[in-house]
Amino acid sequence: MTRPPKPPARPGKVSLWRYARLFRQDILSAQPARLYRAWMAEFRTPFFHSFLCNDPELIETVLKERPDDFPKSDRIREGLAPLLGNSVFVTNGAVWKRQRRIIDPAFEGGRLRDTFPAMWDAGVAAVERLGNLADGRPLEIEAQTSHMAADVIFRTLFSIPIEDATAGAVFAKFKAHQRAAPVLNLGALLPLPRWFPRFHARRTRQTAREIRALITDLTARRMAEIEAGRAPDDLATKIMTTPDPETGQLFDTAEMVDQVAIFFLAGHETSASALAWSLYLLAMYPDWQDRVAAEAAQGIDPEKIYFSTLSKLKLARDVFREAMRLYPPVPMMVREATRGERFRDRAVPKGSQIVLSPWHLHRHARLWERPDDFDPARFKTDNGKACLRNAYMPFSKGQRVCPGSGFAMAEGPLLLAMLVRAFRFELVEGRPAMPVAHLTVRGRDGIWLRLTRRVD
Ligand code: HEM
């Protein structure tokens, strides 16, 4: 049976310069194949010294046991600052802790229940939009999933659909920014030397400024509505009215703008990528697609939408999970060692980069059975269950775990089920998808599918 697409690994040793070039093109195919078997790999260049850790115990140490000893590098913050300011994604220490104390309650289980109807509405709108395109012509599906995930974010955060003028403008500007800004390429997450070409072009700064102006407008309007006592009860209101339990302080408008920028970026690119790969995999494996469609037809009653619908979409959940195993939307994360360490009997000097790679961990040949196969049923096996605990981290883990993980695990399976209930997805001959890592894992030339309506 054909396997899901996987980028070719880099053949053998290459010069530093070639590595840097490969790295800029695509961080995944720049890596050697041995990383799919190694517990740890050391990379030493004149500019950085890094350790990629696949050993589950090391990952535990870095992310869960001593996360404060392995913060994000300041250089990352500098790289992303034009767009993200001081958002929770890039801060460390006391500032970061305070931001999480305010943000986390908005994403807890109970609030998810309140957020669910807005996700559902975004799903209905997506099915309607795609209905006009479901005539069997080839369609680039990432653009579509990106649109629907952006819609979900605006509806849940600000109670506005993507058709709203400001929401639409933010979405359009982000797309332009991504095209113009390799600074949002994963390469930006490595603290390369300052002279390394970074394309912090004037244009990038300009689009970042424009995006922030639009978000400031949304946030300031919301602040005024809260003060006037007529704000809708959505995620933005929840976050802006939640005082820090330790100091009683609220986010001011400027601080909230930074958070909205990362909610939009982290929340829509990632979900869009996971949904697009899920659909591609279902097109590759039509048996699975039919099973998900049958489950959705049974489980979803469009007249009565409850949060509990989600518990009926178990196959959709397993497919979404398996898609994120094979194509983790955030393929790698980088931390910095703040002091000398000993990892697997090797000295890790202070200042080294610690690379955690869901991409390699999720396909690790010594941890997963048939690591490169698509098998959503694997999570019911002993191996699958064990790996889910110690070799699966699409949302990272520990104190810096993605605050949107519960949100994404509601949104993803729900939208997947709604889409597959309405349409049949098929591969387009001659247009196979090939994963590359930009900020998230995308198709090198997009992800192309044909859609037709399913006959009930
Ligand atoms: C399939 C969807 C998603 C995936 C795979 C994902 C994955 C991740 C990962 C791996 C991180 C950790 C990054 C790092 O430490 O370097 C992260 C952080 C984050 N995510 Fe998500 N995410 C998803 C959806 C969302 C959503 C829907 C939101 C919000 C609406 C969100 C908001 C954030 C924020 C604010 C952070 C920074 C947390 C911190 O550093 O403390 N994510 N996400």
Side-chain angles (χ1 to χ4, degrees), residues 59 62-64 67-68 70-73 76-77 79-80 84 86-93 95-104 106-107 111-112 115 118-119 122 145-146 148-158 186 188-190 234-236 238-239 256 258-278 317 320-321 323-336 353-359 361-362 392-416 437 439-441:
I59 296 172
V62 173
L63 293 179
K64 284 181 104 165
D68 291 339
F70 302 96
K72 290 196 175 180
S73 141
I76 293 175
R77 191 172 52 73
L80 298 173
L84 300 182
N86 256 331
S87 95
V88 63
F89 190 77
V90 291
T91 50
N92 283 311
V95 173
W96 169 81
K97 287 195 168 128
R98 172 174 164 275
Q99 292 172 335
R100 284 293 295 241
R101 285 197 296 270
I102 296 177
I103 288 168
D104 284 353
F107 290 94
R111 290 299 297 186
L112 264 184
T115 308
M119 287 180 184
T145 55
S146 183
M148 57 188 92
D151 194 25
V152 170
I153 289 289
F154 280 113
R155 285 175 192 263
T156 52
L157 203 57
F158 281 110
L186 257 184
L189 298 190
L190 269 192
D234 51 22
L235 287 179
K238 171 75 180 160
I239 294 169
M256 184 63 185
D258 294 345
Q259 314 312 330
V260 173
I262 189 60
F263 289 151
F264 185 76
L265 186 68
H268 107 277
E269 281 254 341
T270 46
S271 294
S273 156
L275 261 176
W277 285 109
S278 300
R317 183 204 56 197
F320 193 69
R321 239 183 209 164
M324 286 201 295
R325 182 184 71 81
L326 287 164
Y327 305 104
V330 180
M332 289 183 204
M333 297 172 280
V334 186
R335 299 290 190 266
E336 194 163 281
Q353 303 310 304
I354 310 299
V355 181
L356 305 156
S357 173
W359 180 272
L361 183 70
H362 291 183
Y392 185 74
M393 50 169 195
F395 297 110
S396 181
K397 49 167 96 172
Q399 63 176 13
R400 254 201 128 125
V401 67
C402 171
S405 63
F407 180 105
M409 286 310 295
E411 173 194 13
L414 177 70
L415 291 189
L416 189 60
L439 186 65
T440 53
V441 172

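The basis for the numbers below is simple: all heavy atoms, side chains too, and nothing from hydrogens, waters or symmetry mates. Whatever order the structure lists ligands and atoms in, that order sets their numbers, starting from 1.
- Against a heavy-atom cut-off of under 4.0 Å, Pro394 is close to the following atoms of ligand 1: 5 (C), 7 (C), 10 (C).
- Residue contacts with ligand 1: Met409 is excluded, as none of its non-hydrogen atoms falls under 4.0 Å.
- Taking 4.0 Å as the cut-off, Ser271 counts as a neighbour of ligand 1 on heavy-atom distance.
- Using a 4.5 Å heavy-atom cutoff, the side chains of Ile239 and Gln259 are not in contact.
- The shortest distance between side-chain heavy atoms of Trp96 and Lys72 does not fall below 4.5 Å.
- Here Arg155 contributes atom CZ and Leu235 contributes atom CG; the two are 14.0 Å apart, rounded to the nearest 0.5 Å.
- In this structure, Glu336 and Gln353 have side chains that are in contact, with non-hydrogen atoms separated by less than 4.5 Å.
- Side-chain atoms of Asn86 and Gln99 include no donor-acceptor pair closer than 3.5 Å.
- Interface of Val88 with ligand 1, defined as ligand atoms under 4.0 Å from a residue heavy atom, comprises 35 (C), 39 (C), 40 (O), 41 (O).
- Phe320 is linked by a ring pair (Phe, Tyr, Trp, His ring centres under 6.0 Å) to nothing, counting only residues two or more places apart in sequence or in another chain.
- With sequence neighbours excluded, the residues forming a salt bridge (charged side-chain N to carboxylate O under 4.0 Å, His left out) with Arg111 are Asp114, Asp233, listed by chain and number.
- From the protein, the heavy atom lying nearest to atom 15 (O) of ligand 1 is Arg335 NH2, 2.7 Å.
- Near Trp96, meaning under 4.0 Å from one of its heavy atoms, ligand 1 places the atoms 39 (C), 40 (O), 41 (O).
- The side-chain heavy atoms of Thr91 and Arg98, taken from C-beta on, include no pair separated by under 4.5 Å.
- Counting atoms of ligand 1 from 1 in the listed order, those under 4.0 Å from a heavy atom of Arg400 are 39 (C), 40 (O), 41 (O).
- Taking every non-hydrogen atom of Lys72 and a distance limit under 4.0 Å, the qualifying atoms of ligand 1 come out as 14 (C), 15 (O), 16 (O).
- Of all atoms in ligand 1, numbered sequentially from 1 with element shown, those under 4.0 Å from a heavy atom of Met324 are 1 (C).
- Each protein N, O or S atom less than 2.8 Å from atom 21 (Fe) of ligand 1 was counted, giving 1.
- Residues Leu63 and Ser396 form a side-chain contact, since some pair of their non-hydrogen atoms from C-beta on lies under 4.5 Å apart.
- Counting only heavy atoms from C-beta outward, the side chains of Trp277 and Val441 approach each other to under 4.5 Å.
- Aromatic ring centres of Phe158 and Phe264: separated by at least 6.0 Å.
- Residue contacts with ligand 1 for His268 are absent, since no atom lies close enough (heavy atoms, distance under 4.0 Å).
- Residues that satisfy the side chain to side chain contact (heavy atoms under 4.5 Å, CB included) test with Pro329, not counting sequence neighbours, are Thr270, Ser273, Ala274, Met324.
- For ligand 1, the atoms closer than 4.0 angstrom to any heavy atom of Arg100 are 38 (C), 39 (C), 41 (O).
- Of the protein's non-hydrogen atoms, Phe89 CD1, 3.6 Å is the one closest to atom 37 (C) of ligand 1.
- Near Phe407, meaning under 4.0 Å from any of its heavy atoms, are these atoms of ligand 1: 27 (C).
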